[in-house]
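Worksheet: one structure, shown below.
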Amino acid sequence: MREMEQYVYQSLNEARAALDALLDDGETLRTLAAAGRQLSNTFRHGGRVFSCGNGGSMCDAMHFAEELSGRYRLHRKGLPAASISDPSHLSCVGNDYGYDRVFARYLEAHGREGDCLLAISTSGTSTNVLAAADYASRHGIHIIALTGRPGSTLSELSDTEICTPAGQYADRVQELHIKVIHILIELVERELFPENY
């Protein structure tokens, strides 16, 4: 096998091994189902769901929110979900209060008791995500943490942690995160709109 093809094979093999490890982790699968119920209950009781993260995790937070407020698989009512990713908000708060406050400040403006935050950090140590989780925990906002390392600071702040360790690098963790995000959205749809399935 040629060198580049070998790298392709190796990469796909690593991804498969990470997914297989997640499939074999019964506790994490149960936690994922519980997180789906929590999100559904948040919407059912009139709450909003927020999501945040940095870099690729911000892209995942945006993906999560837009498929709830927009469309995932089937036609159904839009759900009140928003990612904390507006450039004007991020630059304003980053300039005036520091980048560590960009997510917490948004929750201060928009979050209410009974809402839910999906806090995404592959390391579980991102200071601005931790600040958002800290704010949420003090104001009755349920926290679902999506991490890649067990026992992180974010896991300690969260009500529900979905941890997907997947090797040495963050990209494998992020690949599992997008699987988890799609499953969460599907669980919400199946719970709230069973007639669509």
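For L154 against S121, the heavy-atom pair with the smallest separation is CD2-CB, 4.0 Å. A pairwise comparison of heavy atoms in T147 and E161 identifies OG1-OE2, 2.6 Å as the closest pair.
For the pair H139 (side chain) and Y135 (backbone), a donor-acceptor distance under 3.5 Å is present. Not a single donor-acceptor pair under 3.5 Å links the side chain of S11 to the backbone N or O of V8. Side-chain atoms of N95 never come within 3.5 Å of backbone atoms of C92 as a donor-acceptor pair (strictly under, hydrogens ignored). No donor-acceptor pair under 3.5 Å is formed between the side chain of N196 and the backbone N or O of E189. Side-chain N or O atoms of H89 include one that pairs as donor or acceptor with a backbone N or O of V102 at under 3.5 Å. Proximity of a side-chain donor or acceptor of S51 to a complementary backbone N or O of A61 within less than 3.5 Å is detected. With hydrogens and angles ignored, the 3.5 Å screen pairs a side-chain donor or acceptor of S123 with a backbone N or O of T125. Although no hydrogens or angles enter the test, the distance criterion places no donor-acceptor pair under 3.5 Å between the side chain of R71 and the main chain of E66.
By the 4.0 Å N-to-carboxylate-O rule, E186 lies close enough to R190 to be salt-bridged with it. Under 4.0 Å is where a charged nitrogen must lie from a carboxylate oxygen, and between R44 and E191 at least one such pair does. Ion pair E27/R30 not flagged as a salt bridge, since none of the NZ, NE, NH1 or NH2 atoms sits closer than 4.0 Å to an Asp/Glu carboxylate oxygen.
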Please test T122 against H177 for side-chain hydrogen bond (donor to acceptor under 3.5 Å, both in side chains), starting from the C-alpha separation and ending with a verdict. CA-CA 9 Å; T122 57; H177 281 186; over 6 Å; no
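Side chains of E156 and S152: no donor on one and acceptor on the other come within 3.5 Å. Under 3.5 Å, the side chains of S88 and D86 contain a donor-acceptor pair of N or O atoms. Side-chain N/O atoms of Y7 and E3 include a donor and acceptor closer than 3.5 Å.
Classified by interplanar angle (parallel below 30°, tilted 30° to 60°, perpendicular above 60°), the ring pair H110/Y106 is tilted.
F64 and H182 have their aromatic ring centers separated by at least 6.0 angstrom.
No more than 12 heavy-atom neighbours from other residues, nucleotides or ligands sit within 6.0 angstrom of OH on Y97.
Cluster membership for L19 and Y9, using ILVMFWY side-chain heavy atoms within less than 4.5 angstrom, is not shared.
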